[in-house]
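Below, chain A is the first sequence line, B the second, and so on; all start at residue 1.
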Protein chains: 2
Amino acid sequence: MKKTTIHDIARELDVTFSTVARALNDHPAISAATKAAVLETAKRLNYQQNKLASSLRSGRTNVIGIIVPSLDTSFFSSVVHGLEKVMNENGYSMLLYQTGESLSQEQKGIETFLQSRVDGIISSVSGEVEIKEFYEQISKRQVPLLFFDRAINELPVPSVTINDYRAGFLATEHLIGQGYKNIAHLTSDQNLTIFKERFRGYRDALQRYNLPVDEKMIFKGKLSLEFGKESVQQMLDKQMNFDAVFAAEDYTAMGALQLLLEKGYKVPEEIGIMGFANEAFGAFVTPSLSTVDQQTIRMGEETAHLFLKLIGSKDYYGTTPERIVLDPILLPRRSSQPD
Amino acid sequence: MKKTTIHDIARELDVTFSTVARALNDHPAISAATKAAVLETAKRLNYQQNKLASSLRSGRTNVIGIIVPSLDTSFFSSVVHGLEKVMNENGYSMLLYQTGESLSQEQKGIETFLQSRVDGIISSVSGEVEIKEFYEQISKRQVPLLFFDRAINELPVPSVTINDYRAGFLATEHLIGQGYKNIAHLTSDQNLTIFKERFRGYRDALQRYNLPVDEKMIFKGKLSLEFGKESVQQMLDKQMNFDAVFAAEDYTAMGALQLLLEKGYKVPEEIGIMGFANEAFGAFVTPSLSTVDQQTIRMGEETAHLFLKLIGSKDYYGTTPERIVLDPILLPRRSSQPD
DNA sequence: ATGAAAGCGCTAACAA
DNA sequence: TTGTTAGCGCTTTCAT
């Protein structure tokens, strides 16, 4: 069964295919009668517009490319959820690419999207300096680009992020307010601004309240349950003096929590714990895990809205890039409140 | 800056554009010298193949469409994660569509994909009888189609699912084996085979062990933490005699668990709880939540592999559809083991 | 209100 | 090994 085209409809109705095309796109200059006839015939013949042809000719695909490290984390899948919903409501389809934090995958994704002639690219980067050139390729081609959560600040690209510095500060300040004085920090070894900012917030909060910043209390590694456990184990082994742990990610915090409970420590009475990201499990565990909410779905929606707004303004690369910074929401729960 | 095409490269090198095309697709009949020259020039001019044109002409897009209810659940985002990874490794891109369990959205997604001339559609349906016609449209158009997790069994379409009947049976049998005798079941009000099968497994297990099946112990609703709480609250209000709850989904089980603990019941000593889906939080809560693992990532990978295999065989709609059924993995944890 | 014609950038069959 | 040619199915400009 060959596919129906506008030519088939035209033949059936004895008009030219351009008339059919007009009717289908409801062009103003078309009689109501022919339009109705065309629509009826199209339906009868099971016509499906060929978007490839249409896009090739018009130069617009109504497709945007999304690049994320991985969908297997509630953070990114939530953001993508919000993003897709809004873009979809506005007539866009989404091509999805996971990098697995690999730079070469990220390059391949960009390449594919460019070849597919997407109307824009929305990305959460896996590397910053390393991948900068590739993103410059995108702007050179004048393809609208937007960063979310993880941005490359040196590039003049609009973005939607949260204030990670403030988040780190608030989290640490909260621990200090609860009476903890020797706060360890578990962060990522990835060279990403978000983690550096959370760390900077942590450090500044300590200094603000006249607490010493001890390099030995700062652990860098691959964020995970295991890393959380190992880091705490190390502190215990070295008999370090700590009474709280602020992890830059919830699973890591959970690892710390589990190990401490296992070893018989009381959380939050003896040791306080703060996570980051508001994973679903945090509310359910005992003691419930204090954390920072990143407004994931809202971030997705804001990203979509900013994109739509910018793409509507026609001069994407003409104006100074708008950078939306969302406020983190501190969620103090039981694990950091001894009283 | 206009985009570079094969014509630009051809002009630069004084060959015809078809020579360039051949070099770029490394056609066998092309001299090493011209090929090298073309590649060099392509790079220098920043050439990017236009996949729209290529696909329009060749009839292949190397894009597949994925339809899921929502990415904002760890189940679907995990499956999509596995799926995308494998498809990507095999040169496919993924268009993503979320239906939000809405049938009209599901129709729109199918429509869009068909218009985009995807090379195949992989779907987890939101409705069965209601949406059947639309899926028949797909097979009429000879577009490869595959179901995962939620399939429409009446349609001759290949699928990758788990054995929900067995899962329901195993879960219930486990509770019975632990000594529970009055087991309530909380399930979805959606008209989907997966839930009916879990229920059938539950019922058959009760019968197998000579326990009565009581209609009043079966609750249907929108699976969620709240639904879990409400259902249990109802049983308490009516002073019903129950000593275990098997929920068809983990959040619902969690709701049941929370309410019972709140009311001072001992889990698992007085009342046992089983969930379904192996959400991340289950391992971390106290008592840890017994559940059934659905092998999400593996399901995504199997789906991708089956799709690739079938698409390779050229005669997608010629053979009887292969239906892969994965085994569920029972994860008995603390919430169902009183001893 | 409709028709005619050009062309988006590529693939692929046929010639040379 | 390279060139020629004919579209894929549509949008869009210019005529009528």
For this session: Would you mind reading off the distance between B:Arg57 atom CZ and D:dC10 atom C1', rounded to a whole angstrom?
Result: 15 Å

For this session: Looking at every strand, decide which applies to A:Ile30 at a 4.0 Å heavy-atom threshold: base, sugar-phosphate, or nothing.
Result: sugar-phosphate

Exercise. Any donor and acceptor pair, going by atom type alone, linking the side chain of A:Arg117 with main-chain N or O of A:Leu114 inside 3.5 Å?
Worked result: yes

For this session: Could you state the atom-to-atom distance from CG of A:Asp26 to C1' of D:dT11 in whole Å?
Result: 15 Å

For this session: Write down the distance between CD1 (A:Ile9) and P (D:dG9), rounded to a whole number of angstrom.
Result: 13 Å

Exercise. Whole-Å distance between D:dG9 P and A:Gln48 CD?
Worked result: 14 Å

Exercise. Just how far, in rounded Å, is C1' of C:dG3 from CZ of A:Phe17?
Worked result: 9 Å

Exercise. Do any side-chain nitrogens or oxygens of B:Ser58 fall under 4.0 Å of OP1 or OP2 in C:dT11?
Worked result: no

For this session: Can you tell me the distance, in whole Å, between the CG atom of B:Leu56 and the C1' atom of D:dC10?
Result: 8 Å

For this session: State whether the side chain of B:Asn90 and the backbone N or O of B:Val86 hold a donor-acceptor pair below 3.5 Å, judged by distance alone.
Result: yes

For this session: Using a 4.0 Å heavy-atom cut-off across all strands, classify A:Ser55 as base, sugar-phosphate, or nothing.
Result: nothing

Exercise. So, is A:Thr19 close to the C:dT2 phosphate, meaning a side-chain N or O under 4.0 Å from OP1 or OP2?
Worked result: no

Exercise. Would one find a side-chain N or O of B:Asn25 under 4.0 angstrom from OP1 or OP2 of C:dT11?
Worked result: yes

Seminar exercise, completed: Comparing nearest nucleotides in DNA chain D, the 5'-proximal residue of the pair B:Ala53, B:Thr34 is B:Thr34

Problem set entry | Atom CD of B:Glu133: over 12 foreign heavy atoms under 6.0 Å | no

For this session: Remember a base hit wins even if backbone is also touched, and classify A:Ser18 as base, sugar-phosphate or nothing at under 4.0 Å, heavy atoms.
Result: base

Exercise. Who are the side chain to side chain donor-acceptor pair (under 3.5 Å) partners of B:Gln105, not counting sequence neighbours?
Worked result: none

For this session: Quick one: list whatever passes side chain to side chain donor-acceptor pair (under 3.5 Å) with A:Arg60, sequence neighbours left out.
Result: A:Asn62, A:Tyr92

Problem set entry | Atom-pair distance (CG on A:Leu52; P on C:dC8), nearest Å | 17 Å

For this session: Would you kindly give the CD1-to-P distance between B:Ile6 and D:dT4, to the nearest whole Å?
Result: 14 Å

